[in-house]
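Report on the following structure.
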Amino acid sequence: MKKVVEIRSLNFTYPDGNTALEDISLDIFKAETLGIIGPNGAGKSTLLLHLNGLLNGNGNIKIFDKPPIKENLSFIRSKVGFVFQDPQDQLFMPTAYEDVAFGPQNLGLKKQEIDKRVNDALGEVGLSDKKDHLSYHLSLGEQRKLSIATVLSMSPEIIVLDEPNSNLDPASRRHLINLLKNLTITKVIATHDLEMVLDLCSRVVLLDKGRVIREGQPKGILSDKTLLEFHSLEVPLSLSLNK
Ligand code: ADP
């Protein structure tokens, strides 16, 4: 399988002295769906922010063979789309159309190509009928989908999502999971939703205290009660019921 991200011995300390990542080594492969799990404060978000150069710790990272140095950042960000947990961090234009068009417009594309990209992206997330709606009037589930559309309109090769399910009602959660299932690009998802990891992810990484604790097939890791409880997580219900 083709490696799209290579991380070696990555360490990151916030300016206040808080060490968030310690000696992380990890590869990400084309077309996989990688789940990043771990308790609060494990370093999940900090790790994700390294995947498109929003943070830059000590160590070696290569994203599509390029280190995230200044001159590579626009290339890297064209390949790696980041979906923030809070749609307020992603959506800042009045309407859904304008939010999704913002990225393609900045690429200097022609109006016709922008329209196509916006319509395709809104179609992919099931929001075609909300095109002219005010972004801030949409429900949280719709705003999450719209945030994903803002990234898809840039045709990325990797989509990185930080807690895409948090605070969604069950129906919105299910919609979002189905949407992600249908996206064939490489996905990296930090989440507390271990049922979703089982359903979606081909591989999972367990982080705690800034370190990789375990990495492998979701079913094996997520059925290890002792391991999960030691790291403040729980075996998902569907696996505990199957025992
Ligand atoms: P997770 O996403 O797994 O909850 P984070 O990456 O948010 O973990 O946090 C990892 C560690 O870094 C925690 O100890 C957290 O308190 C700390 N941290 C996160 N953001 C900041 C920040 N902006 N400044 C200082 N410390 C931070």
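Residues take their numbers from the sequence shown, with the count starting at 1. Indexing begins at 1, ligand by ligand and atom by atom, following the structure's order. This structure is a prediction, so every number in the text was calculated from the model and none was measured.
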[X] and [Y]: side chain donor to acceptor below 3.5 Å:
{"X": "Tyr14", "Y": "Thr46", "answer": "yes"}
{"X": "Ser45", "Y": "Asp162", "answer": "yes"}
{"X": "Asn11", "Y": "Asn58", "answer": "no"}

What is the closest protein heavy atom to [atom], and at what distance does it sit?
{"atom": "atom 20 (N) of ligand 1", "result": "Tyr14 CZ, 3.3 Å"}
{"atom": "atom 25 (C) of ligand 1", "result": "Asp16 OD2, 3.2 Å"}
{"atom": "atom 10 (C) of ligand 1", "result": "Gly41 O, 3.4 Å"}
{"atom": "atom 17 (C) of ligand 1", "result": "Asn18 ND2, 3.6 Å"}

Inset, instruction - Assess Gly43 for proximity to ligand 1: is some non-hydrogen atom of it under 4.0 Å away? - result: yes
Inset, instruction - Give, for atom CD1 of Ile76 and atom CD of Glu71, the distance between the pair rounded to the nearest 0.5 Å. - result: 10.0 Å
Legend entry - Spatial distance of atom CD (Gln88) from atom CG (Leu140) [nearest 0.5 Å]: 9.5 Å
What are the atoms of ligand 1, with element, lying closer than 4.0 Å to any heavy atom of [X]?
{"X": "Asn40", "result": "4 (O)"}
{"X": "Pro39", "result": "3 (O)"}
{"X": "Ala42", "result": "1 (P), 3 (O), 8 (O)"}
{"X": "Ala20", "result": "10 (C), 11 (C), 12 (O)"}

Inset, instruction - Before signing off on this row, confirm whether Ser45 and ligand 1 have an N or O atom pair separated by under 3.5 Å. - result: yes
Inset, instruction - Pick one of side chain, backbone, both or neither for how Pro15 approaches ligand 1, counting any non-hydrogen atom pair under 4.0 Å. - result: neither
Legend entry - Per-residue contact class, Thr46 against ligand 1 - non-hydrogen pairs under 4.0 Å: both
Inset, instruction - Show the numbers, then the answer: is there a side chain to side chain donor-acceptor pair (under 3.5 Å) between Asn165 and His192? - result: CA-CA 9 Å; Asn165 273 340; His192 285 297; over 6 Å; no
Inset, instruction - Flag the pair Asp224 / Arg214 as yes when at least one side-chain heavy-atom distance between them is below 4.5 Å, and no otherwise. - result: yes
Legend entry - Test side chain to side chain donor-acceptor pair (under 3.5 Å) applied to Arg144 and Ser172, Ser139, Ser166, the passing residue: Ser166
